[in-house]
Amino acid sequence: MALALCDIPEDLQLRILSFLSPPEICSFACTSKRFASLCREDRKIWRVMCDQKWGKNTQIQKWGNGRIAYKLLYRTLNRLEDLIGFWRLCGRANPADSSPPLVFFEWGSSFVLGSRVLATNDDTYRVRKTPFLVLGISSEGRTENFLDLDGNHVPVDLSELERANLVPVDVNFMGSGHIMVEENPCLSKGSSSSSGEDEEGREDVVVTEMYTQLANRTSPGGDRRRKRKKEKERQARIKWEPEHFIKVSDFSPTFAKPLQGLWKGFCEGRRNMELYLVKYDEVGGVVCKKVEDLSLSRQTSPVFWTPNHVFMRSPFSVEEEMILDSRIHITPLHGEVHEQVVSGMLYMNSSYDPGEGRVWLYENGTFGFGFLRDQFITDLKRVALEDGCLADALDA
Amino acid sequence: MSKKIILISSDGQSFEVDEAVARECGTIKNAIEDKCTDNGIPLANVTSATLAKVIEYCKKHVEAAAKASAGDKDIYGSNEDIELKTWDDDFVKVDQPLLFDIILAANYLDVPGLLDLTCQTVADMMRGKTPDEIRTIFHIKKDYTPEEEAAVREENAWAFM
C-alpha cells in the first residue's frame, strides 16, 4: 500500500510542518478540513514549531510558567532571537559601572540573558560575565525585562527575579541591529500607582500655592513649579537613563577577513586586559578600536588602522625580520605562552607620532600588533564562542 | 575488527552492519547496550527496501564523521561539509511512498538526522505552493467547496499574522 502524507501519524505530520513558516502553514491548512483542524490547535502546531526552532536552545514549556499560548511564545521567541550575540553600547548615559560597553545575549532556560563581558583582571586571557539584562514573559503574556545593575543575580528562573531588587525595563527594537533599553518607572517597586501620586502631589502643591499666594500676591509660575516638582519626583524614581545598543554583526574572523571581530589582549603599560573590535570598511581598510571607546560620544582615536588589508606573506625582508625578532611579547602573568609562526604581515598606523607599526598574522589565526616607536607586541586572542557560550569565561 | 550487528527486516531479510553504523539508530543502540542482539535484531516495522536506505544513510554519516575528526578543521572553526550535504540532497530523491516509509522508519529507529532530513524534504515540496498544488502533490482529497475554502483561508490568515 503506497504511503501518503495523510497516512503518517499526526506527530510526524506536525514535525514536517514545523519546518515551514507561518504563511506556508496557512496554505497547507487550506488543503482539507482535517489539516485545517490540525493547524488550528495551539498546543499541537505552535508548540511543535517552537520546539523545532528553539527546542535545542531553551526550555519551551517553561516560558511564561507554561501558561501562555504557544502562538504568543512563537512570536516572542522570534523577536528575541535577534538579540542573540554580541551588542555594544552606543553613547553613554549612565555611569560606567552600570552600563557595560559590551553585552553578550544568550538563551536561558525560560528567558534571554544579556551579560556584561569584562576583562577578568586576574592576569589571564579569561573574560568575566556578569548578568545585566534578563528578558522573559509573564504567565499573563506580558513581556518582563529586568536590569541587574550590580550583576550579582544569576537568574535560574524568571519568577525569582520578581522578588529581587532589580530595575524593570522596556527593550525597544528600533530597527535592524539597534535596541533601546529604557527603565519602566511605572513598574518600579516602591512607587505607588501613578494616580495616587498625582493626588498627593497635587495636594502638596495646592498647600504650597496657598502660602505662596498669601506671602506674595504677585507670585507667578505655579504651573511651572508643579511641573518641575513632578519632573524631579520622576527623576528621583528613575535609577537608570535610557541606553542604546548596536549589534556587533561581525564578531568572528573569516578566511577573507582574518582580523575581523572581537579580540582581547594586553597593551604595553596596562596591567589589565583590554577588549578590542576590529572592522573592515567598504574600501579595503581595517580599523581597530578599544571596545570601551566605542561607547564614548566624543570621537576617539583607533588603536591602529590600515588602508590596505591584504597581507604580505613570508618570506619577509631582513629588516622586517629584525623588527619582529627584537620584540617583547606582552603576556599575562598567568597563562600559557606559545611561540607563534607568522604567516602574514601588514603595515599599519596609529594617531601617535610617529604612528607607524605592524600587524603580524599568526598561523593559528590569531594576530599581534606593535608600533615602531617601542619594542613590544600585543598578542590578541579571540573573544570566541564555544557551542553558543562564551569561551574562557569566568561566570560571576 | 569492529563487531557486526545483524538487522532483520519485516520481510525476513538480514542485513549485517558494523556496530558503529547500527548505533546511529537510537533504538538499536539501546538494544546493544541492553545486550539483546545475539540472534540479530528483528525490525517488524521496517521493510527491506526501507532498511537498506536507512543503513545507507547511517553508513555515510559515520564515515563522514570519522573523516571530519581525523582531518584538519578550518582554523576559523567552520565544519561545513558540502560534499555530505550534496550526498544528502541526492539521497532523498526518491518517490513519495519510499520517502514516507523512510520517515516512519527513521522515527521508529530513532535516527534524528535522517528524520529531520526527510521531514525537511517534504516541507520543501510544499513551500511556495498553493493549496491546490499541495493537494495534487500529496494526493490530499479536497473536501471543501470553494466558499468553505475561502472561509478557512481567511480564518487562518488572521491566525497566522
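Chain identifiers are assigned alphabetically (A, B, ...) following the order of the sequence lines, protein sequences preceding nucleic acid strands; residue numbering begins at 1 within each chain. A quick note: this is a predicted structure, and the numbers were derived from the prediction, not measured.
B:L99 has its side chain out of reach of A:L3: every pair of non-hydrogen atoms, C-beta onward, lies at least 4.5 Å apart. A heavy-atom distance below 4.5 Å is found between the side chains of A:I16 and B:F100.
Within the model, atoms OG1 of A:T31 and CD1 of B:I137 stand 11.5 Å from one another, a figure rounded to the nearest 0.5 Å. To the nearest 0.5 angstrom, B:C119 atom SG is 6.5 Å from A:I8 atom CD1.
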Next on the checklist: If you apply the rule side chain to side chain contact (heavy atoms under 4.5 Å, CB included), what do you find for A:L5 with B:M126, and how did you get there?
Outcome noted: CA-CA 11 Å; A:L5 182 58; B:M126 282 187 216; 3.9 Å; yes

Checklist entry - Can A:L20 and B:R127 be said to form a side chain to side chain contact (heavy atoms under 4.5 Å, CB included), step by step? => result CA-CA 7 Å; A:L20 295 172; B:R127 193 159 287 127; 3.8 Å; yes

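Only the side chain of B:Y144 comes within less than 4.5 Å of a heavy atom in chain A; its backbone stays farther off. B:D116 touches chain A through backbone and side chain together, each having a heavy atom under 4.5 Å away. Heavy atoms closer than 4.5 Å to chain B are found in the side chain of A:F35, but not in its backbone. Only the side chain of B:E148 comes within less than 4.5 Å of a heavy atom of chain A; its backbone N, CA, C and O stay farther away.
The nearest pair of heavy atoms linking B:P131 to A:S27 is CG-O, 3.5 Å. In terms of heavy-atom proximity, A:C30 sits nearest to B:E149 at O-CG, 4.0 Å. Here the closest heavy-atom approach between residue B:D143 and residue A:S32 is recorded as OD1-CA, 3.4 Å. Between B:L104 and A:P9, the closest heavy-atom pair is CD2-CD, 3.4 Å. Here the closest heavy-atom approach between residue A:F28 and residue B:I140 is recorded as CE1-CD1, 4.3 Å.
For A:K289, the NZ atom counts as densely surrounded, since its 6.0 Å shell holds more than 12 non-hydrogen atoms of other residues, nucleotides or ligands. Heavy atoms of other residues, nucleotides or ligands lying less than 6.0 angstrom from CG of B:D34 number more than 12. Under a cut-off of 6.0 angstrom, the local environment of NZ in A:K247 is crowded, with over 12 non-hydrogen atoms contributed by other residues, nucleotides or ligands. The number of heavy atoms from other shown groups lying within 6.0 Å of CD (B:E83) does not exceed 12.
Of the listed residues (A:Q13, A:E24, A:K33), the greatest number of heavy-atom pairs within a distance under 4.5 Å of chain B belongs to A:K33. Taking chain A as the reference chain and counting heavy-atom pairs below 4.5 Å, the highest number among B:D95, B:N107, B:T121, B:T118 is found for B:N107. Comparing B:K129, B:K142, B:Q120 by heavy-atom pairs within less than 4.5 Å of chain A, the highest count is held by B:Q120.
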